[in-house]
Asker: 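Take a look at this one; I'll ask things after.
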Amino acid sequence: MAKATHSGAALADGLVLDIHDLSIQFGGLKAVEALSFHVKEQEIFGLIGPNGAGKTTAFNCITQFYHPDRGQVVFRARDGRVLDLVGLPVHDIIRLGLVRTFQNVEVIKELTLIDNVLIGAHTDFKATILEQALRLPRARREEREMRAKAVRALEFMGIAHLKDAPAGGQPYGVLKKVEMARTLMAQPKLIILDEPAAGLNDSETAELAETIRRMRDEYRCTILLVEHDMRLVMNICDRICAISFGQFLACGTPGEIQGNKLVQEAYLGEEEPE
Amino acid sequence: MDKITVQGQTPPSNSNPAARAFRNPYIRYILFGVVIALLPLLAKSGVMPSSFLVNLGGVLIYSIVALGLNLLLGYSGLISLGTAGFMGLGAYISGYLSGTVGLPFLLTVLIAIAAAAVIGVLVGFVSLRVAGIYLAIATLCVSEILRKTFEELDQFTGGFSGLTAGYPTLFGFKLSREATFVLLTAALVLVMMLTHNLVNGQMGRALHAMRGSEVAAQAMGVYLLKYRLIVFAIASAYAALGGALYMHFIKFSYPAVWILTLSLNILAVVVIGGLRSIYGTVIGALIVFAVPDLLLKRIPVIGGIDGIAYIFTGVLIILVVMFYPSGVVGIGHDIKRLISRGRKGGAGNG
Ligand SMILES: Nc1ncnc2c1ncn2[C@@H]1O[C@H](COP(=O)(O)OP(=O)(O)OP(=O)(O)O)[C@@H](O)[C@H]1O
Ligand SMILES: [Mg+2]
């Protein structure tokens, strides 16, 4: 259900996202239950939990792929407005500066890498469809500017040399980079990464850690990520929130989370790289 | 003039101006059109039987219509079996308004396009609720309703006996058959260029995203409903344009023309020619709408088989789907790749 007021929500200084009492059920299954946490500006924040804990579901509730049964998702948009995202149409989220990647990479196989990246700028195009059809000056200029921007995003990810190759047939690691480059096109304020290291080898994961830090520093954005690779999480995250069976366990620095009894119990029996 | 870079095309490395011009897609479309527009001369000089012109004019018309279906099916992944109905709508509106009412030809075409686009938008709304085979059935129903309407509104459409029209009058000049053929060519080239611009820009990427991954499209801010409505409107508009041109080139229209068979043939054009290929669509139209009449029917024995055109199209669809899922344009690409590989291999070994 849409809330009566999206604006008028309050957010403490220095926060970019405040999730409060977020809950969603599927049938009888409480996938996320009364989850609350907040993310500070320009931090790298990790959301961890065993398989099926509800991490992706929480992301889907934040980005409005799912509309939560209860709770608020208060966000500071790229234009400075503070608003509750709950109930907004899913396609309106990105223009606020909130953009995501997917656990199972979602790229368009038939498009080249650069065209895939350009989709990330979709909402920043001003030219109407008629202007595009006739290639009027504004449409041409926008296309040129966005292409240059997309090349920079691809360069940032180190795959600019592949820009005109079709995405279909590229290795998984490249596709993950394409997805991340695509987020950089959206003037991101908060980037949500769902298991960015899944399927990557050790050296690629090390490179990823560096890339995520550079994304935060150079694009001056906040990163919220789900990740099973504990070494990566402990290495790059400023703070971490742990959940299990949809419920909040603990939130704190990597050191605090590692020492937390509840978290250790939740992961007991999980095979886990140390 | 700024340089036009098209996706997948590397900027020209040699500085030969002719070669560079040839790489400009717009110049290529125009050259393509000029070559086709010269065909009436071939007919006039007797090199080509002049009856071919009617067939080839049909190919041009069906190419326009099929480009619309390619936007739907190829780019957006949306099926439609309603093409014939929209084409008929364009034919009757343009034919009635230019004939009985006496409006200028171009105005009747615009009205036909607008009317079809509005109905197309309504179909677009349906497409958000149903997908795949159900969308195919829904669009087929719309087409059948239109055809039934053509039969019933006989004071406008002439009912079963049909409606006739003459060659178009443009700016006071009554066009000949040859001039009308050139007009068809101009319309096709224009539609090819518009389509090229649309599919290579922001909207084209949104359509690709809609087909390739709805979740990615939505996360990137693509409003699915908006683009479904737009693409159905454009496809319907192309169909109506084709219909209006048909009315003034073939010069008659009756309800039995605008049936499922025609929609299926347009679908065959897109599948055989090549999903997401502009030139492929024209090649597909040539294969589906000209080859049976111009070639097969002239071959002894085979040409005498009843429904040879359907058999031919059916077999081709199966072959293409099995071996060239990207359409017959894929064959050209493969040959090109083979040649360049041969060259590279030779250079490396030599
Ligand atoms: N659309 C849905 N319909 C029904 N159940 C769902 C849906 N989405 C998620 N679930 C269920 O919610 C629970 C949480 O799933 P979710 O994908 O959020 O877990 P996760 O923490 O991301 O797990 P993983 O680490 O394996 O990705 C699971 O039991 C899942 O089956
Ligand atoms: Mg998950």
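All figures in this text were calculated on a predicted structure; none of them were measured in a lab. A, B, ... follow the sequence lines: proteins, then strands. Residue 1 opens every chain. For the numbers below, each heavy atom of this structure counts, side chains included, while hydrogens, waters and symmetry mates do not.
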Asker: Is A/V90 in contact with chain B via its backbone, its side chain, both, or neither, using a 4.5 Å heavy-atom distance?
Answerer: both
Asker: Could you state the interatomic distance from CZ (B/R205) to OG1 (A/T112), rounded to the nearest 0.5 Å?
Answerer: 9.0 Å
Asker: For a quick test of reading the model, state the closest non-hydrogen atom pair linking B/A216 to A/F102 and the distance between them.
Answerer: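 Answer, listing the atom of B/A216 first, then A/F102: CA-CE1, 3.9 Å.
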Asker: Quick check for you: to the nearest 0.5 Å, what is the distance between A/R95 atom CZ and B/M220 atom CE?
Answerer: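 Between A/R95 CZ and B/M220 CE, I get 13.5 Å after rounding to 0.5 Å.
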Asker: Hey, what do you get for CG (A/L130) to CG (B/N197), rounding to the nearest 0.5 Å?
Answerer: 11.0 Å
Asker: Quick one: what part of A/A127 sits under 4.5 Å from any heavy atom of chain B, side chain, backbone, both or neither?
Answerer: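 Only the backbone of A/A127 comes within 4.5 Å of chain B.
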Asker: Does any part of the side chain of B/V222, heavy atoms only, come nearer than 4.5 Å to the side chain of A/T123, both counted from C-beta?
Answerer: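 Answer no - side chains too far apart.
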Asker: B/M203 and A/I129: which non-hydrogen atoms are nearest, and at how many Å?
Answerer: SD-CD1, 3.7 Å
Asker: Side-chain contact test, heavy atoms from C-beta onward, threshold under 4.5 Å: evaluate it for A/V107 versus B/S213 and give yes or no.
Answerer: no
Asker: Heavy-atom count around A/R220 CZ within 6.0 Å, excluding the residue itself: above 12?
Answerer: no
Asker: With only heavy atoms counted, which part of A/A186 is less than 4.5 Å from chain B, the side chain, the backbone, both or neither?
Answerer: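 Neither part, no heavy atoms under 4.5 Å.
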Asker: Side chain from CB out, backbone as N, CA, C, O: work out which of these in A/L134 comes under 4.5 Å of a heavy atom of chain B, or both, or neither.
Answerer: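 Both backbone and side chain of A/L134 come within 4.5 Å of chain B.
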Asker: Count the heavy atoms of every other residue, nucleotide or ligand shown that sit under 6.0 Å from OH of A/Y172, and state whether that count exceeds 12.
Answerer: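 More than 12 within 6.0 Å, yes.
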Asker: So, for B/G201 and A/E143, which heavy atoms are closest and what is the spacing to 0.1 Å?
Answerer: CA-OE1, 3.9 Å
Asker: Give me the atom names and distance for the closest heavy-atom approach of A/H122 to B/G221.
Answerer: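 For A/H122 and B/G221, the tightest heavy-atom pair comes out as CD2-O, 3.5 Å.
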Asker: Report yes if some heavy atom in the side chain of A/E142 is under 4.5 Å from a heavy atom in the side chain of B/Q202; otherwise report no.
Answerer: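 No, their side chains stay 4.5 Å or more apart.
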Asker: Please state whether the side chain, the backbone, both or neither of A/Q132 comes within less than 4.5 Å of a heavy atom of chain B.
Answerer: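 Both backbone and side chain.
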Asker: Step by step, work out the ring-ring contact (aromatic ring centres under 6.0 Å, His included) result for A/H91 and B/Y227.
Answerer: CA-CA 12 Å; A/H91 55 262; B/Y227 283 94; 9.9 Å; no
Asker: To the nearest 0.5 Å, what is the distance between CZ (B/R211) and NZ (A/K109)?
Answerer: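 It comes to 8.5 Å.
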Asker: Which one, B/A209, B/G212, B/S326, leads in non-hydrogen pairs under 4.5 Å with chain A?
Answerer: B/A209
Asker: Quick one: what part of A/I119 sits under 4.5 Å from any heavy atom of chain B, side chain, backbone, both or neither?
Answerer: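 Looking at A/I119, backbone and side chain both touch chain B.
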Asker: With rounding to the nearest 0.5 angstrom, report the NE2 to CG distance, B/H208 to A/L111.
Answerer: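 Reported value, rounded in 0.5 Å steps: 4.5 Å.
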